[in-house]
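Comments concern the structure below.
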Amino acid sequence: MAITSKPRVRVPAQAKAGEIIEIKTLISHEMESGQRKDSAGKTVPRDIISTFEAAFNGKPFFKADWFPAISANPFQSFFFKATESGEFTFSWKDDGGSEQKATAKLTVG
Amino acid sequence: MTFKAFAPTRRQALQLAAGAFAAALAPNLALATEAQVADELKKLFGGKSMAEGKVKLDLPEIAENGLVVPLNLEVDSPMTDADYVKAVHVFADGNPLPQVVTYHFTPASGRASASTRMRLAQTQNVIAVAEMSDGKLYSAKAQVKVTIGGCGG
């Protein structure tokens with residue numbers, strides 16, 4: 001299943017230099033664990049978003065490897081030390097190689 | 001977890017067969033054990049010793065719904081180029097698969113802290129192991145009582 005939903009990202013628009021900001025992300029996805037059985041008793045194949053990555057001005061600074069134990073509609077929060085203005089890129093990749101991206105701007109002043 | 005490059009030896013094949021047999025007998029899902037978590041840690045770190053402390057796991061004592069259990073963790077570190085947290089691995093010893101999540105941090109993270117939501121199949125221990133930039137390992141463990149299990153089944 002391709003990731004069709006639009007991810008939601010919350011980043012403060014402005015920060016002081018040196019300030020540590022919290023970033024919160026949420027994306028809709030079944031995160032099928034591969035452990036569940038359907039009504040016919042057949043195992044539902046695993047289908048999860050396995051990688052989430054965050055980069056600032058093209059430089060990756062945070063990565064999460066998600067396993068099937070991560071809940072459906074995975075939420076992720078993490079931190080970033082603001083030093084200069086620029087743009088965040090967030091990317092979610094699933095087992096099938098499908099990718100969804102989001103961006104957010106940050107002004108440091 | 002992928003099994004792409006898994007070429008079993010005779011012994012492993014026998015163990016697998018025995019495991020599959022046991023799983024077929026068990027009424028529920030085959031669940032991970034502390035031994036399986038220890039195996040994963042051995043694969044990652046080759047049996048390096050771990051110290052307690054530095055890692056703070058913030059979990060509910062009782063989770064009413066095992067499908068969405070909040071997981072918050074923070075590792076005490078200055079997060080400078082010379083001294084930072086490289087990665088944090090989280091395991092659950094009562095889930096069908098022990099791995100939960102692995103975080104990779106950099107000095108630009110500012111704080112080695114992250115939150116997400118996870119599934120827990122039953123009452124069990126959650127273990128977090130932090131890998132520092134100097135190679136030292138720190139761990140923390142917390143028990144979560146689960147009223148209704150997640151992970152299907």
Side-chain angles (χ1 to χ4, degrees), chain A residues 15 17-27 29-39 41-46 48-84 86 88 95 106, chain B residues 1-3 28-32 40 63 65-75 78-81 84-121 124 126 149-153:
Chain A
E19 193 182 336
I20 294 169
I21 57 169
E22 185 175 19
I23 299 164
K24 291 178 177 174
T25 68
L26 188 68
I27 186 163
H29 197 277
E30 289 275 306
M31 296 293 275
E32 192 56 67
S33 68
Q35 304 290 328
R36 220 162 51 91
K37 291 194 166 72
D38 64 13
S39 52
K42 275 208 321 208
T43 306
V44 183
R46 171 186 143 147
I48 66 165
I49 298 178
S50 47
T51 325
F52 167 75
E53 248 180 307
F56 186 71
N57 285 344
K59 265 194 238 148
F61 66 92
F62 176 83
K63 185 171 167 251
D65 301 327
W66 286 335
F67 290 94
I70 295 297
S71 303
N73 308 328
F75 160 82
Q76 183 68 63
S77 92
F78 51 98
F79 293 86
F80 177 72
K81 192 173 182 183
T83 50
E84 52 175 352
F88 290 102
D95 285 342
L106 176 75
Chain B
M1 198 159 64
T2 56
F3 291 100
N28 262 320
L29 294 156
L31 298 170
E40 287 296 329
N65 181 0
L67 279 168
V68 275
V69 184
L71 164 71
N72 305 295
L73 59 86
E74 171 142 25
V75 186
M79 294 305 272
T80 57
D81 286 337
Y84 64 96
V85 182
K86 253 166 63 179
V88 180
H89 307 261
V90 182
F91 302 95
D93 67 7
N95 268 1
L97 299 167
Q99 295 101 328
V100 176
V101 65
T102 300
Y103 291 122
H104 304 270
F105 296 103
T106 59
S109 302
R111 245 173 98 182
S113 176
S115 319
T116 186
R117 295 173 193 141
M118 63 179 169
R119 295 169 172 144
L120 293 178
Q124 58 184 292
V126 175
C151 292

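All chains are named by letter (A, B, ...) in the order of the sequence lines, taking the proteins before the strands, and each is independently numbered beginning at 1. Computation of the quantities below employed the complete heavy-atom set of this structure, encompassing side-chain atoms and omitting hydrogens, waters and symmetry-equivalent molecules.
- Counting heavy-atom pairs closer than 4.5 Å to chain A, the top-ranked of the candidates B:P70, B:A87, B:S109 is B:S109.
- For A:A72, the parts lying under 4.5 angstrom from a heavy atom of chain B are both the backbone and the side chain.
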For this session: Could you walk me through whether B:Y103 and A:Q76 pass the side chain to side chain contact (heavy atoms under 4.5 Å, CB included) test, one step at a time?
Result: CA-CA 11 Å; B:Y103 291 122; A:Q76 183 68 63; 3.0 Å; yes
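- In this structure, the portion of A:L26 lying under 4.5 Å from any heavy atom of chain B is its side chain and not its backbone.
- Tested against A:F67 for a side-chain contact (heavy atoms from CB on, under 4.5 Å), the candidates B:T102, B:V100, B:V90 yield a single pass: B:T102.
- No donor-acceptor pair closer than 3.5 Å links the side chain of A:S77 to the backbone N or O of B:A114.
- Heavy atoms closer than 4.5 Å to chain B are found in the side chain of A:I20, but not in its backbone.
- In this structure, B:P96 and A:Q35 approach most closely via the heavy-atom pair CB-OE1, 3.3 Å.
- Side-chain contact check for B:H104 and A:D65: at least one donor-acceptor pair (N or O, by modelled atom type) lies under 3.5 Å.
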For this session: List the steps, then state whether side chain to side chain contact (heavy atoms under 4.5 Å, CB included) holds for A:K81 with B:R111.
Result: CA-CA 8 Å; A:K81 192 173 182 183; B:R111 245 173 98 182; over 6 Å; no
Exercise. What's the verdict on side chain to side chain contact (heavy atoms under 4.5 Å, CB included) for A:F75 and B:S115, showing C-alpha distance, side-chain angles and the deciding distance?
Worked result: CA-CA 8 Å; A:F75 160 82; B:S115 319; 4.1 Å; yes
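- For the set B:V68, B:V101, B:V69, the count of heavy-atom pairs under 4.5 angstrom toward chain A peaks at B:V101.
- Rounding to the nearest 0.5 Å places CE of B:M118 at 8.5 Å from OG of A:S71.
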